[in-house]
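Just below is one structure, and these are the notes that go with it.
Numbered from 1 within each chain, the chains take letters A, B, ... in sequence-line order.
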Amino acid sequence: MDFTLKHTASHSEARAGILETDHGKIETPIFMPVGTAGSVKGIHVKDLKEDIGAQIILGNTYHLYLRPGTDIIEQAGGLHKFNGWNGPILTDSGGYQVFSLGDIRKLSEEGAKFQSHIDGSSHLFTPESVIDVQRKIGADIIMAFDECTPGDADFDYAKKSLALTQRWLDRCVNQMVKTIPLYGHNQSLFPIVQGGVYPALREQAARHVTTIPSDGYAIGGLSVGEPEADMYAMIEVVNPILPKDKPRYLMGVGTPVNILEGIDRGIDMFDCVMPTRNGRNGMLFTKNGIINIRNKKWADDFTPVDPDGTSYVDRHYTKAFLRHLVISGEMLGAQIASQHNLAFYLWLVKEARHQILADTFKEWKQEMVIKLAQRL
RNA sequence: GGGGAGAUACCAAAGUGGCCAACUGGGGCGGACUGUAACUCCGCUGACUUUCGUCUUCGUAGGUUCGAAUCCUGCUCUCCCCA
């Protein structure tokens, strides 16, 4: 997997690059739609590719392992064949579930034992098993198994948690070396920097991670309850330490503003459920601000969903109709909102890339950040 | 014509002397959501008031009582059954 840095913006750490995988090129900075269970909820692969312009999507190890199970995915010939997406795929390791499903799992040195949220059965996830599962899924980018440290963790916990993540990382690396890709395309392991909101821990974590030759590096454990300022501060601590010639992935982030702030600080890759989940719940992101389409004020607004939008749905449907669909609980409402939001997120990073290449990123970003946060 | 049941807030529906401005659902209005246990969750929903609180409500008009959505009487209306 090759990463080529095309340009770094002036007065900013923002970078434009190209990440080449066996399933195609990714122009960075990039936003990666989340498809936890193998599908980006409510969105056809055709729309992802042609309308939204997605270049890479996510899958999730924990969820796909539980259902349909790795044997089915293997029989299908890997996730690409199974879900029909022939572009690059990145799988999260289940490290986020160690955080989000904290109530139904037990942590040990060995790994994380989950009680399935589906049927209650017990499943031990270890760094080794998680690599094996991701091999079987066939992800182009495999994430290391980590503990996503909660945003409110105190120093002692964050330190202990980081140490565990680091030991797990070594085991992941070993398991990668001991195993091979199953479907004829390469797979790259991205280590993850943890360390809570503590600069000293983040710095140490970043240094540790750079001792492991990788095709890319991730920053995790942010946007998990800590103040936004802490998130930005941690990025500023970590990014200068990470190798410049490798992509940096800020996991789970975020709002459109978060993404621009991340790009400004040198992040190349983002993913977040926000465009899809919030879309399903009636929130639309636009370049002029945020719309809650359920609000009464849109009831008789027969203008396009987003006159400036890039998606088919933006021009084809009206706000009043979309509001009607969302309020009525019609499936199509969730689909339109998700498609719009994803198209907007992909537009945002694409435009950021243009601005970086044109050396106008910083000024553009300053203006956008104000507009994007507005409530319409 | 005879017999029976019932009228509660936007709708449905609890409540059958004080703990009732009134359970609960729906609807309405608003909010939350960041590597997805989420088409989910949380508020508010008589009026005035920032809170405390005050005032007007349970078909309608009276009455009993310290006190009524709850008991009594008249009236109006609705529904069901038998002819």
Side-chain angles (χ1 to χ4, degrees), chain A residues 31-43 56-64 66-67 89-105 114-120 130 134 139 141-151 165 190-194 218-228 230-231 249-259 261-262 267 269-285 290 292-299 322-323 325-338 341 345 375:
Chain A
F31 176 81
M32 309 181 281
V34 178
T36 303
S39 89
V40 177
K41 293 187 193 302
I43 306 294
I56 170 172
I57 64 172
L58 261 66
N60 181 276
T61 301
Y62 168 85
H63 290 280
L64 290 170
L66 285 182
R67 198 164 55 189
I89 292 176
L90 179 153
T91 42
D92 181 42
S93 60
Y96 186 73
Q97 279 64 44
V98 173
F99 159 73
S100 68
L101 302 181
D103 294 338
I104 54 170
R105 59 94 176 125
F114 288 93
Q115 214 170 355
S116 163
H117 68 282
I118 298 168
D119 63 7
V130 158
Q134 292 181 96
I141 298 173
I142 287 175
M143 298 310 299
F145 193 43
D146 64 336
E147 180 191 3
C148 176
T149 309
T165 288
F190 280 24
I192 303 170
V193 172
Q194 289 289 342
I219 305 175
L222 294 176
S223 66
V224 283
E226 80 288 355
E228 224 167 44
D230 287 349
M231 171 169 81
Y249 165 28
L250 179 59
M251 306 184 75
V253 174
T255 66
V257 170
N258 290 160
I259 287 172
E261 295 293 356
I267 300 292
M269 303 164 70
F270 302 85
D271 79 281
C272 191
V273 304
M274 196 169 275
T276 44
R277 179 193 287 165
N278 289 31
R280 286 197 302 281
N281 295 330
M283 183 180 279
L284 305 180
F285 299 95
I290 296 166
N292 182 345
I293 199 65
R294 292 184 320 194
N295 287 173
K296 193 181 184 68
K297 60 181 157 190
W298 308 114
L322 178 55
R323 175 179 193 270
L325 293 178
V326 170
I327 285 198
S328 304
E330 289 287 327
M331 295 190 282
L332 185 59
Q335 291 178 286
I336 292 171
S338 298
N341 280 345
Y345 267 62
R375 298 287 179 141

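A donor and an acceptor atom, one from each side chain of A/Thr91 and A/Gln134, are located under 3.5 Å apart.
OP1 or OP2 of B/G31 has at least one side-chain nitrogen or oxygen of A/Asn292 nearer than 4.0 Å. An OP1 or OP2 oxygen of B/G30 is reached within less than 4.0 angstrom by a side-chain nitrogen or oxygen of A/Asn295. Look at A/Ser223 and you won't find any side-chain N or O under 4.0 angstrom from OP1 or OP2 of B/U34. Put simply, A/Ser100 has no side-chain N or O that comes within less than 4.0 Å of OP1 or OP2 on B/G35. Proximity of A/Asn278 to the phosphate of B/U34: no side-chain N or O atom is located under 4.0 Å from OP1 or OP2. Using a 4.0 Å cut-off, some side-chain N or O of A/Arg323 falls inside it from OP1 or OP2 of B/C29.
Here A/Arg323 contributes atom CZ and A/Lys296 contributes atom NZ; the two are 6.5 Å apart, rounded to the nearest 0.5 Å.
When the C1' atom of B/A32 is taken as reference, atom CD1 of A/Ile293 falls 18 Å away, rounded to whole Å.
Taking atom C1' on both nucleotides, B/A21 is separated from B/U56 by 10 Å, rounded to a whole Å. Only the C1' atoms considered, B/U60 is 28 Å distant from B/G27, to the nearest whole Å. Between the C1' atoms of B/C33 and B/G67, the separation comes to 49 Å (whole Å).
The residue among A/Arg280 and A/Leu222 whose nearest nucleotide of RNA chain B lies closer to the 5′ end is A/Leu222. Closest-nucleotide positions on RNA chain B for A/Arg294 and A/Leu101 were compared, and the one nearer the 5' end corresponds to A/Arg294.
Looking at A/Ser328, its side chain never comes within 3.5 Å of a backbone N or O of A/Glu330 through a donor-acceptor pair.
Aromatic ring centres of A/His117 and A/Tyr62 lie closer together than 6.0 Å.
Residue contacts for A/Asn258: at a heavy-atom cut-off of 4.0 Å it reaches a base atom on one of the strands shown.
Scanning atom types as modelled, no donor and acceptor separated by under 3.5 angstrom connect the side chain of A/Asn281 and the base of B/C39.
You'll find that the side chain of A/Met251 is closest to B/G35, out of B/G35, B/C29, B/A38. Of the candidate nucleotides B/U34, B/C29, B/A37, B/A37 has the atom lying nearest to any side-chain atom of A/Gln97.
B/G1 is paired with B/C82 under the Watson-Crick or G-U wobble criterion, all donor-acceptor distances under 3.5 Å.
Here the side chains of A/Thr165 and A/Thr149 are not in contact, with every heavy-atom distance at 4.5 Å or above.
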